[in-house]
Protein chains: 2
Amino acid sequence: MRDFNRKLKIVLIDDNANHLRGIKELITLESCYEVAGATTSANLGINLVKKHHPDIVLMDINMPEKDGLQAIQAISKLNLSTKIVVLSGYDDSELIYRAMKLGARGYVLKTMASVKLINAIEEVSMGKIYLPAALSTRFFEFFQASSREEEKMLGSENLLNSLTSREVEVLELLTEGINYKSIAGKLIISETTVKTHVNNIFQKLQVNDRTNAVLYALTHGFKQKGAGAGSKSAMMSV
Amino acid sequence: MRDFNRKLKIVLIDDNANHLRGIKELITLESCYEVAGATTSANLGINLVKKHHPDIVLMDINMPEKDGLQAIQAISKLNLSTKIVVLSGYDDSELIYRAMKLGARGYVLKTMASVKLINAIEEVSMGKIYLPAALSTRFFEFFQASSREEEKMLGSENLLNSLTSREVEVLELLTEGINYKSIAGKLIISETTVKTHVNNIFQKLQVNDRTNAVLYALTHGFKQKGAGAGSKSAMMSV
DNA sequence: AATTTTCTAAATCTTTTGGTTTAGATAACT
DNA sequence: AGTTATCTAAACCAAAAGATTTAGAAAATT
């Protein structure tokens with residue numbers, strides 16, 4: 001439970017000055033909240049957050065312009081305990097997805113009753129996520145659709161399956177950007193053997209050089225090892 | 001609203017035979033449901049789904065074994081209108097995340113009242129997502145944490161920013177696995193000029209060959225063009 | 001027992017890449 | 001006006017990579 005002896009500090013960002021005034025009024029009606037700042041500019045908003053370290057940011061986002069999303073990202077990156085509640089006119093599944101992905105902790109539609117907004121602020125300030133069922137469903141529409149896309153990319157008839165286990169080992173090292181000599185050293189075989197394997201890999205993957213072999217591997221779900229040029233985007237296997 | 005003149009066909013999968021019996025009893029108590037099949041084996045469960053095309057699959061998943069998650073994936077891939085509701089003993093954030101990612105449409109804890117399960121079935125059968133607030137919060141813990149990981153990988157002080165615009169163009173073509181001659185052709189400059197650019201790129205990215213330059217580019221959020229070896233995992237920019 | 005696959009290795013030759021230096025032409029900035 | 005950054009280009013050399021052929025040994029399959 002949150003500390004009710006202290007007022008929640010809130011910063012408001014909404015590019016529509018009228019909305020901004022309305023929300024400010026609504027918030028100040030509640031005695032347990034304190035509006036630390038309010039602005040119509042995303043950039044000024046970020047500065048307000050930097051200055052005041054509010055508990056909550058109420059952030060308006062609209063579909064076409066992407067200032068709102070960028071502001072969410074910028075605020076998230078500050079690593080404050082500030083929690084972001086999105087206030088949007090749109091229940092577009094991609095917009096909800098992106099906002100949540102970038103670190104929003106709550107999402108409220110402008111068409112919702114104002115009591116919902118208060119609910120959201122309360123829930124989020126206590127560390128929960130506020131995403132009403134209908135919006136949650138929209139979120140998952142996009143989330144699951146893009147997951148399926150990813151799967152399709154990765155899964156689908158995969159030339160990688162035709163590789164022998166030794167070839168897989170060699171390809172793993174290739175995807176770390178290592179040359180023949182080092183690969184030979186690591187696998188304790190001769191350099192010419194490595195070349196033989198690599199040529200076989202090229203044929204099986206239907207490419208003619210390392211770069212394309214590596215690109216094929218990476219775009220088809222080939223697991224990268226932790227080392228080398230930095231490990232890839234998670235892509236966790238089931 | 002769903003068609004209440006027709007019973008919802010449900011398939012049950014739970015590796016614990018006792019649980020399975022209990023759930024079956026609970027479900028059959030409701031006159032509007034019909035248990036089309038029940039099994040303790042994930043694989044048999046998938047076959048039941050293939051045979052009966054149920055409206056709902058109630059799927060038990062446990063943390064250590066990953067049959068449950070794989071079964072969810074397998075059923076999702078069938079592209080039926082079958083909706084999966086997970087019944088789990090764990091509210092582990094990663095487990096919830098993975099289940100939903102792989103296509104589950106509802107997630108109910110075994111500790112929840114049985115009426116919640118009925119709720120879930122109803123909501124999900126009507127096309128909604130059923131993820132109670134507490135579980136939604138857990139889900140987003142993992143979702144946002146892995147998004148931040150991704151960001152960290154991509155964002156962080158990026159040598160790519162030191163590239164000139166021409167070098168960026170060249171690197172783009174490198175990441176498509178194209179050789180000097182073709183790059184020269186595409187940019188309508190001589191091959192030696194391309195080499196000069198590439199060498200400058202190598203120095204700026206602190207690598208000594210194409211493969212590592214490409215790997216650096218890909219693991220640091222370099223946008224890939226649609227062509228070539230297949231475009232990458234979405235990685236949508238804000 | 002015979003055949004196929006996989007892993008190993010070498011030889012040879014061509015092509016591509018990478019490293020380095022030098023340099024002219026613009027464009028931009030001080 | 002002078003300096004710096006960028007894009008262009010060539011020459012030259014060394015190293016690495018790629019293509020192709022041949023071949024032995026062990027393991028797996030038929």
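This structure is a prediction, so every number in the text was calculated from the model and none was measured. Below, all heavy atoms of this structure are taken into account, side chains as well, without hydrogens, waters or symmetry copies. Every chain is numbered from 1 and lettered A, B, ... according to where its sequence line falls, protein lines coming before strand lines.
Atoms CG (B:D209) and P (D:dA17) sit 7 Å apart, rounded to a whole Å. A:E167 has its CD atom 13 Å from the C1' atom of C:dT8, to the nearest Å. Regarding A:N208, its CG atom lies at a distance of 11 Å from the P atom of C:dT17, rounded to whole Å. Taking atom CZ of residue A:R210 and atom P of nucleotide C:dT17, one finds them 12 Å apart after rounding to whole Å. Rounded to whole Å, the distance from CG on A:N179 to C1' on C:dG18 is 12 Å.
A side-chain donor from one of B:T193 and B:S190 sits under 3.5 Å from a side-chain acceptor of the other. Side-chain atoms of A:R210 and A:N179 form no donor-acceptor pair, as typed in the model, at a separation below 3.5 Å. Between the side chains of B:K9 and B:H53, not a single donor N or O lies within less than 3.5 Å of an accepting N or O.
Comparing atom distances between the A:R166 side chain and each of C:dT8, C:dT16, D:dG18 picks out C:dT8 as nearest.
At D:dC7, one or more side-chain N or O atoms of B:S165 fall inside 4.0 Å of OP1 or OP2 (strictly under the cut-off). Distances shorter than 4.0 Å separate some side-chain N or O of B:T164 from OP1 or OP2 on D:dC7.
Within residues 180-205 of chain B, the residues approached by DNA chain D to less than 4.0 Å at the level of any non-hydrogen atom are B:I189, B:S190, B:T192, B:T193, B:T196, B:H197, in residue-number order.
For the pair A:R138 and A:D91, the salt-bridge criterion is met [side-chain N within less than 4.0 Å of a carboxylate O].
With sequence neighbours left out, B:F143 forms a ring-ring contact (aromatic ring centres under 6.0 Å, His included) with A:Y97, A:F139, A:F143, B:F139, B:F140.
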Open item on the list: Between B:E191 and B:K195, is the salt bridge (charged side-chain N to carboxylate O under 4.0 Å, His left out) condition met? List the steps.
Closed with: CA-CA 6 Å; B:E191 205 176 322; B:K195 285 177 146 195; 5.8 Å; no
